[in-house]
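What follows is one structure encoded as structure tokens, with my remarks underneath.
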Amino acid sequence: MSSKPNTPVRLGLIGAGRWGRNYIKTIRGLPGARLSVLASRNPANKELVDPSCHIMADWHGLLDPQLVDGVIIATPPDLHAEMLEAAIRARLPALVEKPLTLNLPDALRLQSLQREFNALVLVDHIRLFNSAFIELIRQAPQLGRIREIHSESGNWGPFRSYTALWDYGPHDLSITLTLLRQFPSKVGVRELKRRDIEDTVAGNYLIELSFLNDVHAEIIVGNLFENKTSRLTVILDRGTLILDDLATDKLLRRDDKTGGTMVVELDSKLPLTRAVETFVAGIRGEPSPRFGLDLAVEIARVLDRQPEC
């Protein structure tokens with residue numbers, strides 16, 4: 001599906017929670033797109049959108065190609081499977097928040113459906129759209145082959161109805177699998193810490209991945225971190241790249257040849273802006289490797305394992 005070049009792409013948004021509101025702000029700043037329909041049961045949310053945006057309480061009514069050119073699903077993940085399936089069957093391009101689903105069978109079913117309909121689906125693994133990560137991918141070949149990946153991400157909370165493994169894990173797994181361009185030959189998941197908080201099970205987890213050519217990745221994620229953390233270390237043949245999303249200098253390059261560490265300059269574009277731009281470009285017919293469900297399914301395959309204690 002495509003939109004006329006000089007006409008803004010009409011987007012529909014399901015959900016106006018914290019992340020949905022970020023989409024509203026982002027779309028408002030994009031000249032090539034406009035928010036045409038918002039599906040929300042909260043009447044007060046009409047104050048968040050432009051007067052031209054139609055509000056409807058039932059999200060099913062939004063899935064109409066006469067109203068929108070594509071749909072964004074920004075709801076809790078337990079609703080993703082039903083909503084994405086409906087969008088695919090309506091033959092509407094869809095951008096869906098991570099995680100794609102909360103179990104492997106639903107992810108596999110959606111992958112099969114997406115292939116059957118040749119549907120345009122983009123999962124918002126937001127760190128893939130981060131300027132520092134995009135530059136890290138550009139820098140990595142200059143330092144040789146990747147040997148090891150170490151990643152940590154988490155915070156104190158949030159405490160949800162699903163585990164932190166499914167909440168934080170997709171971030172680190174998406175960047176690890178994208179960097180290595182292969183899926184792991186061996187997977188281990190271990191629970192490092194566990195507490196009952198606010199009627200939920202909170203925890204920190206270790207994900208260990210082995211790949212061909214003796215490449216290893218170690219990922220620690222969770223919602224029992226004392227401080228917010230988002231750090232990636234990539235060890236290569238001739239140096240190391242360090243991405244710390246919370247640091248002032250977000251990307252550092254340590255070069256074994258020069259013996260020095262340099263700060264890598266980055267552009268200031270926000271990841272969500274780049275994600276929505278990619279989605280809009282896809283609706284207009286511009287291809288991107290970010291589309292499809294293969295990566296999201298492999299992430300679900302890892303997360304679906306029962307953690308060892």
Hits for side chain to side chain donor-acceptor pair (under 3.5 Å) against Asp304, two or more places apart or cross-chain, chain-then-number order -> none
How far apart are the C-alpha atoms of Lys186 and Glu208, what are their side-chain angles, what is the distance that settles it, and do they pass the salt bridge (charged side-chain N to carboxylate O under 4.0 Å, His left out) test? CA-CA 8 Å; Lys186 184 178 179 181; Glu208 296 178 295; over 6 Å; no
Is there a path of hydrophobic side-chain contacts, each under 4.5 Å between heavy atoms of I, L, V, M, F, W or Y residues, that connects Tyr168 with Phe225? no
Going by side-chain contact (heavy atoms from CB on, under 4.5 Å), Phe159 matches just one of Asp196, Val201, Asp199, Thr200. Which one? Thr200
First locate atom OG1 of Thr101, then atom CG of Leu79, and finally report the distance between them rounded to the nearest 0.5 Å. 12.5 Å
In chain order, what residues pass the ring-ring contact (aromatic ring centres under 6.0 Å, His included) check against Phe211, with sequence neighbours excluded? none
Any side-chain heavy atom of Val71 within less than 4.5 Å of one from Leu63? yes
Does the distance from a Lys or Arg side-chain N to an Asp or Glu carboxylate O, for Arg253 and Asp255, drop under 4.0 Å? yes
So, Arg274 and Asp267, do they make that salt bridge, N to O below 4.0 Å? yes
Is a donor on one side and an acceptor on the other found under 3.5 Å between the side chain of Arg34 and the backbone of Arg10? no
Spacing of Thr240 atom OG1 and Leu143 atom CG [to the nearest 0.5 Å]: 8.0 Å
Would you give the length of the straight line joining atom OG1 of Thr176 to atom CD of Glu298, rounded to the nearest 0.5 angstrom? 13.5 Å
Note: Glu277-Lys269 ion pair, threshold 4.0 Å (strictly below): yes
Assess the residue pair Glu148 and Val215 against the criterion (side chain to side chain contact (heavy atoms under 4.5 Å, CB included)); give the C-alpha distance rounded to whole Å, side-chain angles, the decisive distance to 0.1 Å, and a yes or no. CA-CA 6 Å; Glu148 298 176 32; Val215 179; over 6 Å; no
Mind checking whether Asp124 and Val96 have side chains closer than 4.5 Å, heavy atoms only? no
Say whether Glu152 and His150, considering side chains only, have a donor N or O and an acceptor N or O under 3.5 Å apart. no
Of all heavy-atom pairs between Gly282 and Phe291, which one has the smallest distance, and what is that distance? CA-CZ, 3.8 Å
Close side-chain approach of Ile146 and Val234, heavy atoms under 4.5 Å: yes
Distance from Met83 atom CE to Ile72 atom CD1, nearest 0.5 Å? 13.5 Å
Of the non-hydrogen atoms in Pro65 and Ala90, which two are nearest, and what is the gap between them? CG-O, 3.8 Å
Distance in Å, Ile299 CD1 paired with Phe183 CZ, rounded so as to fall on 0.5 Å steps: 8.5 Å
Separation between CG (Leu232) and CG (Asp172), nearest 0.5 Å, reads 8.0 Å
Does a donor on one side chain sit under 3.5 Å from an acceptor on the other, for Arg28 and Thr26? no
Within the 4.5 Å heavy-atom criterion, are Ser153 and Arg127 side-chain neighbours or not? yes
Using 4.0 Å as the upper bound for N to carboxylate O, is an ion pair formed by Asp294 and Arg115? yes
Say whether Trp19 and Glu97, considering side chains only, have a donor N or O and an acceptor N or O under 3.5 Å apart. yes
Pair Arg231 + Asp245, salt bridge at N-O below 4.0 Å: no
Kindly give the heavy-atom pair with the smallest separation between Val68 and Leu11, and that separation in Å. CG1-C, 4.0 Å
Is a donor on one side and an acceptor on the other found under 3.5 Å between the side chain of Arg238 and the backbone of Gln142? yes
Nearest heavy-atom pair of Asp69 and Pro8: which atoms, and what distance? OD2-O, 4.3 Å
Within a strict 4.5 Å, meaning less than it, do heavy atoms of the Ile175 and Thr178 side chains meet? no
What heavy-atom pair brings Asp167 and Pro158 nearest, and what distance separates the two atoms? OD2-CG, 3.7 Å
Would you say the side-chain atoms of His216 and Asp214 include a donor-acceptor pair closer than 3.5 Å? yes
Closest heavy-atom pair, Ser36 versus Leu67, reported as atoms and distance to 0.1 Å, is CB-O, 4.0 Å
Could you point out which residue of Thr233, Leu241, Thr261, Leu243 forms a side-chain contact (heavy atoms from CB on, under 4.5 Å) with Leu252? Thr261
Would you confirm whether Asn223, through its side chain, and Gly203, through its main-chain N or O, come within 3.5 Å as a donor-acceptor pair? yes
In the structure I gave you, are the side-chain heavy atoms of Leu251 and Val263 within less than 4.5 Å of one another anywhere? no
